[in-house]
Amino acid sequence: MTTFDHAGPARPARGPSRWVALGWQLLGLLLILAVWWLLTDVLKLYPPYVFPGPKAVWTEISYGLWGSGPQDGKLLSAIGGSLRRMLTGYLIAVALGVLVGLLMGAWRPLRTTLGAYLTGIQSVPSIAFVPFAILFFGLNERAALAVVILEGFIPMALAVSGALLNVPPALRVAGRTLGAGSLSLTLRVLLPASLPNILTGLRTAWSFAWRALVGGELLIGGVASLGEQLEVGRNTANVALVLATIIIIGLIGGLFDALLRAFEGRVRRDYGLEVPQ
Amino acid sequence: MTRIPLALALTLSLAGPLSAPAAAQEAQSVRLGFFPNLTHAPALVGLERGTFQKALGKVKLEPKEFVSGTTLTEAFAAGQIDIAYIGPGPAINAIGRGMPVQIIAGASEAGAVLVARKDSAIRTYKDLAGKTVAVPSLGNTQDISLRHILNESGLKPKTDGGTVTITPVAPADVLAAFAAKRVEATLVPEPWGAVLEAQGHRIIGTEKTVWRDGKYPTTVVIVNARFAQANPALVTAFLKAHTDAVAFINKSPAAAQAAVNKQLLALTGARIDPRVLQRAFARTRFTTALDPAALKEYAALNVEAGYARSAPDLTPFLRK
């Protein structure tokens, strides 16, 4: 289920190689912008109401983020609203996921039943849960939050229970021999030992939850959110706003993923899981 | 680094389709967009009575139903609609984005009411504070009207830092949303206002208090400018059929109501009591006239609602 991670954990790229990579990335970005600009603003291959050029999208971003007109700054408040919702949902999801993951890791019957169901539920696209959440909670933020929690909780629980199972048996035996009880064994041996895998779960949970959030907000509307900006853009034939919002969603998602990835990489290095270059 | 070739390939592969929506001369069919609302009665009556098809002769009429002007605008942008009945809000937005739109006639005026759920405490516009209000879709004509009403009442939508949650619900689904207590009020086009009223819900804003004493366009007829250029005869024929349909509605309201009811049942599955429909008709005016001043004010409201940064000059897009 969690095979979307093609890039793997962060490589401890240091020194010139990191700058070279950054340089290539910048070059790639410039090229994309150039091709986009060429197709839209120069060749005018598409009408602007179908595929606007980078300039129009930039206008939306600048008005939406730091414009000072009466209706400006909407993207900024949308980012604020979405992030607040996201952090709330994510924290609850992680806490729930750790708890259930621990229980699943400790108790085999739970693992074979609930674990299997969670894997199944995870394959359902998050947007499929939104109509049900709306009926259950109403057309409000709680419906979006519920979907975020559900989508974040599952990968977290699966990662935690999987991580516990992957702890080398020797550590378990050593802990027992040294006189640790169940709780102390879990807290002082198993959890620290499975930390790198749990961190992968944190990152997976983040990306699942982030996508679920935007999908939920799109259908719920009515509150300041990135999903609502997409809907407004769509509804007012403002494709530039739609593209601007997509770019911001991608940037925020990527930024948080990079942060968590850096943290994960650090921990993996500390655990001796990364071979230094 | 696979990024560059991949991005290039992606962008280039996008270049193929989409470009230049076909504006074939001598169209074989006319694709007509409309919604199943009373404010679109000329479309419903014209369809039910075969008025359009008769006027178009051998050219086939392809009616396509939409829930709101905003989805219709998307179809319009994608070149899938030639002529459409649409609210002035989406029409003005489409013009502002440079879509090839011409407004060729009026269709209806007023015909939108603000209804509050019977078990809510809402009695006036000011009571909407802190409540959830449904509109057919964000950015549509009723949404723009609602934002104007809120503004006049010293209220603000939640997305602008206020307390009123504006949420999109398709008009035919508003009945269910009221029953499930998902929303407390709605600004809807008829006949859904009258249907809600018949269920005991309260009208707190009549078509006259919504805006401009009821003298505002609710539905206009637009045509794809490229289609109009390539098929002037077809547009003229359609316009004549539209005028006939409006005249029929005003001359034989009872027969028109029966025709509307038949179409509504077929399109939405809702069977509406003829007396309820009659009340909804009484709150809507049908006319082919276009009031440029009202449209201009609407464009200003659209800016006020935050859906555009400037009001486009509509004069070149109006066709008399």
Side-chain angles (χ1 to χ4, degrees), chain A residues 20-21 23-25 27-36 38-40 43-52 56 59-60 63 67 69-74 77-78 81 134-135 137-141 143 219-225 228-229 231-241, chain B residues 1-4 6-8 10-12 14-15 18-21 68-71 73-74 76-79 89-90 92-100 132-135 137-140 143 157-161 164-169 177 180-183 302-309:
Chain A
V20 169
W24 277 109
Q25 278 172 348
L27 199 69
L29 182 71
L30 283 179
L31 198 76
I32 290 171
L33 284 174
V35 172
W36 177 14
L38 200 73
L39 289 178
T40 52
L43 296 174
K44 299 197 191 302
L45 230 48
Y46 306 92
Y49 53 85
V50 171
F51 188 23
T59 307
E60 286 300 328
Y63 278 108
Q71 289 290 345
D72 290 341
K74 289 215 161 168
S77 54
I134 290 177
L135 287 176
F137 293 100
L139 271 169
N140 53 38
E141 281 189 81
L219 291 191
I220 286 155
V223 286
S225 71
E228 200 230 20
Q229 286 296 299
E231 191 64 9
V232 166
R234 181 190 164 194
N235 285 344
T236 54
N238 190 350
V239 198
L241 177 60
Chain B
M1 207 73 227
T2 53
R3 180 171 301 221
I4 296 163
L6 182 70
L8 191 65
L10 270 176
T11 355
L12 288 179
L14 271 171
L18 269 173
S19 35
S68 85
T70 49
T71 42
T73 311
E74 279 178 330
F76 202 90
I92 289 167
N93 267 324
I95 288 171
R97 308 288 174 215
M99 281 188 209
T132 300
V133 189
V135 293
S137 78
L138 296 179
N140 93 322
D143 178 38
K158 211 165 188 178
T159 44
D160 294 341
V164 185
T165 306
I166 301 178
T167 194
V169 179
K181 309 202 172 189
R182 271 160 48 197
V183 295
N302 196 32
V303 175
E304 180 192 295
Y307 290 134
R309 260 178 217 104

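Naming convention: chains lettered A, B, ... in sequence-line order (proteins, then strands); numbering from 1 in each chain.
Proximity of a side-chain donor or acceptor of B:Arg309 to a complementary backbone N or O of A:Asp72 within less than 3.5 Å is not detected.
Of the residues considered (B:Val169, B:Asn302, B:Asn140, B:Thr167), B:Thr167 shows the highest number of contacts with chain A, using heavy-atom pairs under 4.5 Å. When each of B:Arg182, B:Glu304, B:Glu74 is scored by its heavy-atom pairs under 4.5 Å with chain A, the top score falls to B:Glu74. In terms of non-hydrogen atom pairs under 4.5 Å with chain A, the most contact-rich of B:Gly161, B:Gly69, B:Gly306 is B:Gly306. Between chain A and the options B:Asp160, B:Val303, B:Thr132, the largest number of non-hydrogen pairs under 4.5 Å is found for B:Asp160.
Just one residue in the list B:Pro168, B:Ser137, B:Pro90 forms a side-chain contact (heavy atoms from CB on, under 4.5 Å) with A:Asn235, and that residue is B:Ser137.
For B:Val133, the side-chain contact (heavy atoms from CB on, under 4.5 Å) partners at least two apart in sequence or on another chain are B:Leu128, B:Leu146, B:Val164, B:Ala185.
If you measure heavy-atom distances from B:Thr73 to chain A, the contacts under 4.5 Å come from the side chain alone. Heavy atoms of A:Leu43 lying under 4.5 Å from chain B are absent altogether. Contacts of B:Ala305 with chain A are made by backbone atoms alone, with heavy-atom separations under 4.5 Å and no side-chain atom involved.
Contact detail for B:Pro100 and A:Tyr49: the closest heavy-atom pair is CD-OH, 3.1 Å. Closest non-hydrogen pair, B:Arg97 versus A:Thr236, comes out as NE-O, 2.9 Å.
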